[in-house]
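These notes are about the structure you will find just below.
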Amino acid sequence: MTRSITILGATGSIGVSTLDVLAQMEAKDEFEVAALTGAGNIALLAEQAVRHQAKLAVTADESRYLNLKDALAGTGVAVAAGESGLIEAADMPASMVMAAIVGTAGLAPTLAAARRGADIALANKECLVSAGELFVGAVKTGGGRLLPVDSEHSAIFQSLDPERRHAVERVILTASGGPFRTWSREQMAGVSADVARAHPNWSMGLKISIGSASMFNKALEVIEAKHLFDLEPHEIEVIVHPQSIIHSMVGYRDGSIIAQLGAPDMRTAIGYALTFPDRPALNVERLDFAKLARLDFEAPDEVRFPALRLARLALTRGGVQALTMNAAEETAFHAFCDGRIGFLDMADIAESAMEAMVDWPAANTIEDVFAADSEARRRAAEFIARKAF
Ligand code: NAD
Ligand code: MG
């Protein structure tokens, strides 16, 4: 049976790995590519669209529409741009949509795909952090499946036996600890984005690499886990595991721990989401335990890495606190990359925005989500401009 796939964010780290997995699959003809989307990298997007015979290519950046049109002239690939173009891509009748846009920009098109019943391979954790119940509800109503791509959540998905859901006691998310795992706050205070983006184990996009250094990525993942697996906050633990070999674990009530292990390569998790419940043959590194020799663990330090404390606070408070944390942190991330604030300021800005919006009403509709998201960004930008956070 031929299946079709649309990749939202095809030109990014996850998008490129997804196309590589598709190219590696034994029965390559099993999948045909419906739409591919990108933003600034027009040459790569056009090249991908031709190579994978996509029906539609979309740039999120409207000002590059003509560049993309020129690049694809005579190829038969249709071209669109902007937010409406992203929705057009999501609405193409593909049975699966890989959600790999970075940030809240991914929410609207992924939601559109969920509503029409596509299976969602979800890399964009921001969909769940910003719109948790609404997003999960849209997938359920649409009738498609929600397949985690984030490596930790894929590991939990692979280790969590749905028949034994009642016997699950906890999930344990592993965190590499990032490049600053052993650094003091004084050392972290002065780092630039170039230093913070150098992840010890994984090769990823800029936002998630910086988020790994600050552990904001893990904070988002705690909230992502809650929504994906319907967990209470106390059932989600985080353990620092510098080698990133155990991708996460599920603890059962008989004391057993079931874990998924592998080399730190996103293609395994992507392949699992694309072919679930099968496993594709993949040319990824095999673990050599004798060479590994040891696996290390340590408790996360919420003083040096306040993001984890903020995630717990967001879960306890509920309402739009998680959304606010994410929106304010995304705003602060851009300011950090531009050199306008320091590395440690990102968490302070997120916390200040959460405090400022503590009485904001819960979001019951997607319009409420976007309104609260804009307000959180506005407040964060104001804190940054006034240097008050
Ligand atoms: P990336 O920055 O490498 O790629 C992002 C993609 O989104 C690109 O195709 C880019 O063109 C597109 N994009 C950027 N801004 C956009 C906008 N405003 N509108 C529409 N499209 C836009 O990011 P990535 O590392 O591939 O991460 C993508 C998502 O997957 C993120 O949510 C991230 O948290 C998640 N994720 C990534 C990894 C990883 O290993 N890279 C692992 C787990 C989860
Ligand atoms: Mg992850």
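All values reported here derive from a predicted model rather than from experimental measurement.
Counting only heavy atoms from C-beta outward, the side chains of Phe229 and His153 approach each other to under 4.5 Å. Considering only heavy atoms from C-beta on, Pro162 stays 4.5 Å or farther from Arg165 through its side chain. Residues Thr331 and Phe383 have side chains not in contact (no heavy-atom distance under 4.5 Å, counting atoms from C-beta outward). Val149 has its side chain out of reach of Leu122: every pair of non-hydrogen atoms, C-beta onward, lies at least 4.5 Å apart. Side chains of Thr37 and Thr59 form no contact here, defined as non-hydrogen atoms less than 4.5 Å apart. Tyr272 places none of its side-chain heavy atoms less than 4.5 Å from the side chain of Asp278. A 4.5 Å side-chain heavy-atom check between Phe333 and Ile210 finds at least one atom pair inside the cut-off. By the 4.5 Å heavy-atom criterion applied to side chains, Leu36 and Leu8 are not counted as neighbours.
The aromatic rings of Phe180 and Phe343 sit perpendicular, their planes meeting at an angle over 60°, well past the 30° parallel limit. Between Phe157 and Phe276, the ring-plane angle classifies as tilted under the 30° and 60° cut-offs.
Leu160 and Ile239 fall into different hydrophobic clusters, where Ile, Leu, Val, Met, Phe, Trp and Tyr are joined by side-chain heavy atoms under 4.5 Å apart, directly or via other members. Residues Leu44 and Val58 do not share a hydrophobic cluster, clusters being chains of Ile/Leu/Val/Met/Phe/Trp/Tyr side chains in contact below 4.5 Å. Placement of Ile270 and Val16 in two distinct hydrophobic clusters is found when ILVMFWY residues are connected by side-chain heavy-atom separations under 4.5 Å, directly or transitively. At a threshold of 4.5 Å between side-chain heavy atoms, the hydrophobic network of Ile, Leu, Val, Met, Phe, Trp and Tyr places Met249 and Leu173 in two separate groups. Under the 4.5 Å side-chain heavy-atom criterion for grouping Ile, Leu, Val, Met, Phe, Trp and Tyr, Ile341 is connected to Val195 within one hydrophobic cluster.
Partners of Ala263 according to the side chain to side chain contact (heavy atoms under 4.5 Å, CB included) rule, which considers only residues two or more places apart in sequence or in another chain, are Glu285, Leu287. Evaluation of the side chain to side chain contact (heavy atoms under 4.5 Å, CB included) rule for Asp296 yields Pro242, Gln243, Arg294 as partners, not counting sequence neighbours.
Between Arg170 and Glu237 there is a salt bridge, since at least one side-chain N of the basic residue sits less than 4.0 Å from a carboxylate O of the acidic one. The pair Lys140-Glu133 fails the salt-bridge criterion, with no side-chain N (NZ, NE, NH1 or NH2) lying under 4.0 Å from an Asp/Glu carboxylate O. One finds a salt bridge joining Glu298 and Arg181 here, because a Lys/Arg side-chain nitrogen approaches an Asp/Glu carboxylate oxygen to under 4.0 Å. Ion pairing between Glu375 and Arg378 holds under the 4.0 Å rule for side-chain N and carboxylate O.
Taking all atoms of both residues into account, the shortest heavy-atom contact from Phe216 to Ala350 is CZ-CB, 3.7 Å. The shortest non-hydrogen separation linking Arg267 to Asp20 is NH1-OD2, 2.7 Å.
Checked by atom type and distance alone, the side chain of Arg145 never pairs as donor or acceptor with a backbone atom of Ile120 at under 3.5 Å. The backbone N or O of Met354 lies less than 3.5 Å from a partner atom in the side chain of Gln321, making a donor-acceptor pair.
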#### Entry: Evaluation steps, side-chain hydrogen bond (donor to acceptor under 3.5 Å, both in side chains), between Gln260 and His247
CA-CA 6 Å; Gln260 186 260 346; His247 296 146; 3.1 Å; yes
### Query
For Glu382 and Arg379, what are the C-alpha separation, side-chain angles and deciding distance, and is it a salt bridge (Lys or Arg N to Asp or Glu O under 4.0 Å)?
CA-CA 5 Å; Glu382 202 179 285; Arg379 302 244 184 165; over 6 Å; no
### Task
In sequence, state the C-alpha distance, the side-chain angles, and the governing distance for Asp194 and Ser192, and then conclude on side-chain hydrogen bond (donor to acceptor under 3.5 Å, both in side chains).
CA-CA 5 Å; Asp194 268 347; Ser192 67; 5.4 Å; no
### Message
Set out, in order, the CA-CA distance, both residues' side-chain angles and the distance that settles salt bridge (Lys or Arg N to Asp or Glu O under 4.0 Å) for Glu221 and Lys226, then state yes or no.
### Response
CA-CA 9 Å; Glu221 290 182 357; Lys226 172 202 150 65; over 6 Å; no
### Task
List the steps and the verdict of salt bridge (Lys or Arg N to Asp or Glu O under 4.0 Å) for Glu32 and Arg3.
CA-CA 6 Å; Glu32 55 181 38; Arg3 301 170 66 198; over 6 Å; no
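Ser130 contributes atom OG, which lies 8.0 Å from atom CG of Asn124 (distance to the nearest 0.5 angstrom). Annotation: the span from Met346 atom CE to His334 atom NE2 amounts to 11.5 Å, rounded to 0.5 Å. Taken to the nearest 0.5 Å, the CD1 atom of Ile208 stands 4.0 Å off from the CG atom of Asn217. In this structure, Ser244 OG and Leu261 CG are separated by 11.5 Å, a value rounded to the nearest 0.5 Å. Taking NZ of Lys125 as the reference point, atom CG of Asp150 lies at 3.5 Å (rounded to 0.5 Å).
Partner Thr174 forms a side-chain contact (heavy atoms from CB on, under 4.5 Å) with one of Val238, Val240, Ile246, Ile245 and no other, that one being Ile246.
Enclosure of atom CD in Glu83 is not indicated, since only 12 or fewer non-hydrogen atoms of other residues, nucleotides or ligands lie within 6.0 angstrom. By the neighbour-count criterion of 12 heavy atoms within 6.0 Å, atom CD of Gln53 is sparsely surrounded, having that number or fewer from other residues, nucleotides or ligands.
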Sequence neighbours left out, cut at 3.5 Å: what donor-acceptor pairs do the side chains of residues 85-109 make with other protein atoms?
from: Ser95; atom 1: OG; to: Ser4; atom 2: N; distance (Å): 3.3
from: Ser95; atom 1: OG; to: Ser4; atom 2: O; distance (Å): 3.1
from: Thr104; atom 1: OG1; to: Asn326; atom 2: ND2; distance (Å): 3.2
from: Thr104; atom 1: OG1; to: Glu330; atom 2: OE1; distance (Å): 3.4
from: Thr104; atom 1: OG1; to: Arg377; atom 2: NH2; distance (Å): 3.0

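In this model, a donor atom of one side chain and an acceptor atom of the other lie less than 3.5 Å apart for Gln158 and Arg279. Side-chain atoms of Ser63 and Asp61 include a donor-acceptor pair closer than 3.5 Å. Using modelled atom types and a 3.5 Å distance limit, the side chains of Ser176 and His199 yield a donor-acceptor pair.
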